[in-house]
There are 2 protein chains.
Amino acid sequence: MKWGELEDEPCSMARTIGVIGDRWTLLILRECFLRTRRFEGFQSSLGITRHLLAERLKKLVRQGVLRRIPYQDSPKRHEYILTQKGLDLHPIMMAIVHWGDTHMVDARGRPLLHQHRKCGKDFDPVMVCSECGEPLSAKEVHTHPGPGARGTPVSAAPEKKAKRETKSKTQRSAA
Amino acid sequence: MKWGELEDEPCSMARTIGVIGDRWTLLILRECFLRTRRFEGFQSSLGITRHLLAERLKKLVRQGVLRRIPYQDSPKRHEYILTQKGLDLHPIMMAIVHWGDTHMVDARGRPLLHQHRKCGKDFDPVMVCSECGEPLSAKEVHTHPGPGARGTPVSAAPEKKAKRETKSKTQRSAA
DNA sequence: TTTCTACAGTTCTAAAACAGAACTGTCAAT
DNA sequence: ATTGACAGTTCTGTTTTAGAACTGTAGAAA
């Protein structure tokens, strides 16, 4: 399987991995969430080669995760900012950081803390069920085929996810 | 930066990426959560080359994400099952799938649905604050240096995260 | 008893991706 | 006229990955 083929897989995880599933892309996105916007900013804070950085930024723009916006003419300069699609990656970032905080810290503790502006406290992200609000655990989740599963014709059921969309929107609304 | 160096970065995200930050590892873990346990199972459902599969499985075992357990002698055969550290990756997987469900579905809709056994409904994962329970959005999260930040000596503050650990454990307890 | 299949790898070669460094080009400041 | 900030592009050499074939154990089938 090549990189391009991932997006055609009937699996939301494979498709997402096609967008963010490499080392540098994830780190570039971390910088985006930490408010880095410019080429040199990414390059110096990550130590990524300029070649790869240019390529990854282009890819992220193509995929609608970043938007390339001019901030001066002569010479033309642009900055890269997260679109809504990009901001929606925040739960993934938080989940990744939280796992590292739990399993990969050294004796000194966490490199970064996260404060929730609304309540003012340092927090951990907790994943809950959109329907009942209870914290989720792997064992309590049962996976079953949906309308877009392999074998379902394209003409079929137009995704009856109205309720889920509505509920989970709380999560993105102010992102 | 090489793969090995990621784990030494003072950043939980970089360290986590050092473990799961490549295409195949993420897909292998998806299979683990879908109850695949054996070499041939991974190989045939993913189409990964046998060479890489063997290497990735070894790496995941080394890192304590999977455990290699014999299920027969002669010939020696093992299966790979998620450790607690591996099960704790579940929120990351759910967040990735959810983003794909939101932004990468075709006309047919979602390939997979997730049912919460406790409440019986198909759900979306929602990320909330461990302290106040409110859904999180990127803009409401303020990041600041913790005890393990770059520059902090190893001898310093032994991570005062007691409360956070306790609260977020609800999320993992039955995983 | 030779042959087939299931399983879990290992070994090989060619192709793709990546690292590291140097180069291009615009403009402002010295 | 030279330097430095910025945003890339181009080049060469190394590392990773893809794809296919091979190894080896053992039970079942011919």
Side-chain angles (χ1 to χ4, degrees), chain A residues 1-9 14 17-29 31-32 35-63 66-81, chain B residues 1-9 14 17-29 31-32 35-63 66-81:
Chain A
M1 207 186 321
K2 284 139 202 163
W3 276 105
E5 300 171 32
L6 273 172
E7 272 131 65
D8 305 326
E9 289 277 303
I17 289 170
V19 179
I20 61 161
D22 78 282
R23 171 161 56 147
W24 286 120
T25 299
L26 253 356
L27 290 171
I28 288 168
L29 288 167
E31 289 306 304
C32 290
R35 317 258 188 280
T36 299
R37 293 163 133 74
R38 299 182 185 179
F39 192 94
E40 292 294 319
F42 291 109
Q43 208 282 317
S44 64
S45 65
L46 293 176
I48 184 176
T49 64
R50 310 177 73 77
H51 179 52
L52 265 210
L53 176 58
E55 200 168 38
R56 290 290 185 271
L57 288 173
K58 259 182 214 153
K59 187 179 164 196
L60 287 169
V61 169
R62 252 198 335 270
Q63 283 160 331
L66 297 179
R67 201 190 319 281
R68 188 159 174 271
I69 296 183
Y71 68 89
Q72 67 170 44
D73 294 324
S74 69
K76 281 254 178 212
R77 291 287 182 263
H78 303 82
E79 32 187 33
Y80 298 88
I81 66 158
Chain B
M1 207 187 318
K2 285 140 201 163
W3 276 106
E5 299 170 32
L6 273 171
E7 272 131 65
D8 305 326
E9 289 278 302
I17 289 169
V19 180
I20 61 161
D22 78 281
R23 170 158 59 145
W24 286 120
T25 299
L26 251 359
L27 290 171
I28 288 167
L29 288 167
E31 289 305 305
C32 290
R35 318 258 188 282
T36 300
R37 293 161 133 72
R38 300 183 183 177
F39 193 93
E40 291 295 318
F42 291 110
Q43 208 281 318
S44 64
S45 65
L46 292 175
I48 184 177
T49 63
R50 310 178 72 77
H51 178 53
L52 266 210
L53 175 57
E55 200 168 39
R56 290 290 186 271
L57 288 173
K58 258 182 214 153
K59 187 179 163 197
L60 287 169
V61 168
R62 252 197 337 268
Q63 282 159 332
L66 297 180
R67 202 191 317 281
R68 188 161 174 271
I69 297 183
Y71 69 90
Q72 67 169 45
D73 294 326
S74 67
K76 280 255 179 211
R77 291 287 181 265
H78 304 81
E79 34 187 31
Y80 298 89
I81 66 159

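Partners of B:Arg56 by salt bridge (Lys or Arg N to Asp or Glu O under 4.0 Å), not counting sequence neighbours, listed by chain and number: B:Asp22. Qualifying side chain to side chain contact (heavy atoms under 4.5 Å, CB included) partners for B:Thr49, counting only residues two or more places apart in sequence or in other chains: B:His51, B:Leu52. For B:Thr36, the side chain to side chain contact (heavy atoms under 4.5 Å, CB included) partners are B:Glu31, B:Phe42, not counting sequence neighbours. When the side chain to side chain contact (heavy atoms under 4.5 Å, CB included) test is applied to A:Glu7, the partners found at least two apart in sequence or on another chain are A:Gln63, B:Met104.
Here the C1' atom of nucleotide D:dA18 and the CD atom of A:Glu5 are 11 Å apart, to the nearest Å. Whole-Å rounding puts the B:Leu6 CG to C:dC18 P distance at 13 Å. Spacing between atom CD1 of A:Ile48 and atom C1' of C:dG20 amounts to 13 Å, rounded to whole angstrom units. Here the P atom of nucleotide D:dA20 and the CG atom of B:Leu52 are 14 Å apart, to the nearest Å. The CD atom of B:Gln72 sits 10 Å away from the P atom of C:dC7 (whole-angstrom rounding). Regarding B:Arg37, its CZ atom lies at a distance of 17 Å from the C1' atom of C:dA8, rounded to whole Å. Separating the CD atom of B:Gln43 from the P atom of C:dA6 is a distance of 14 Å, rounded to the nearest angstrom.
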Pair A:Ile48-A:Leu27, side chain to side chain contact (heavy atoms under 4.5 Å, CB included): steps then yes or no: CA-CA 10 Å; A:Ile48 184 176; A:Leu27 290 171; over 6 Å; no
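Within the 4.0 angstrom heavy-atom criterion, only backbone atoms of the sugar-phosphate kind lie near A:Tyr71; the bases stay farther away.
Between B:Ser45 and B:Gly41, the shortest heavy-atom contact is OG-O, 2.9 Å. Scanning both residues, B:Val19 and B:Thr25, for their nearest heavy atoms gives O-CG2, 3.6 Å.
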Could you list the protein-to-nucleotides 24-27 of chain D atom pairs, N/O on both sides, closer than 3.5 Å?
| from | atom 1 | to | atom 2 | distance (Å) |
| --- | --- | --- | --- | --- |
| D:dG24 | N2 | B:Arg77 | NH2 | 3.3 |

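Heavy-atom distances under 4.0 Å link DNA chain D to no residue of residues 17-29 of chain A.
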Base-contact (B) and sugar-phosphate-only (S) positions in nucleotides 8-16 of chain D, heavy-atom cut-off under 4.0 Å, - elsewhere: BBB------
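Listed by first and then second residue, the salt bridge (charged side-chain N to carboxylate O under 4.0 Å, His left out) pairs involving residues 38-49 of chain B are B:Arg38-B:Glu79, B:Glu40-B:Arg50 (not counting sequence neighbours).
Two end axes, each from the C1' atoms of five base pairs, can be drawn for the helix from C:dT1-D:dA30 to C:dT30-D:dA1; they diverge by 20°, to 10 degrees.
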Can you give the donor-acceptor pairs under 3.5 Å from side chains of residues 68-75 of chain B to other protein atoms, not counting sequence neighbours?
| from | atom 1 | to | atom 2 | distance (Å) |
| --- | --- | --- | --- | --- |
| B:Arg68 | NE | B:Tyr80 | OH | 3.2 |
| B:Arg68 | NH2 | B:His78 | ND1 | 3.2 |
| B:Gln72 | NE2 | B:Pro75 | O | 3.0 |

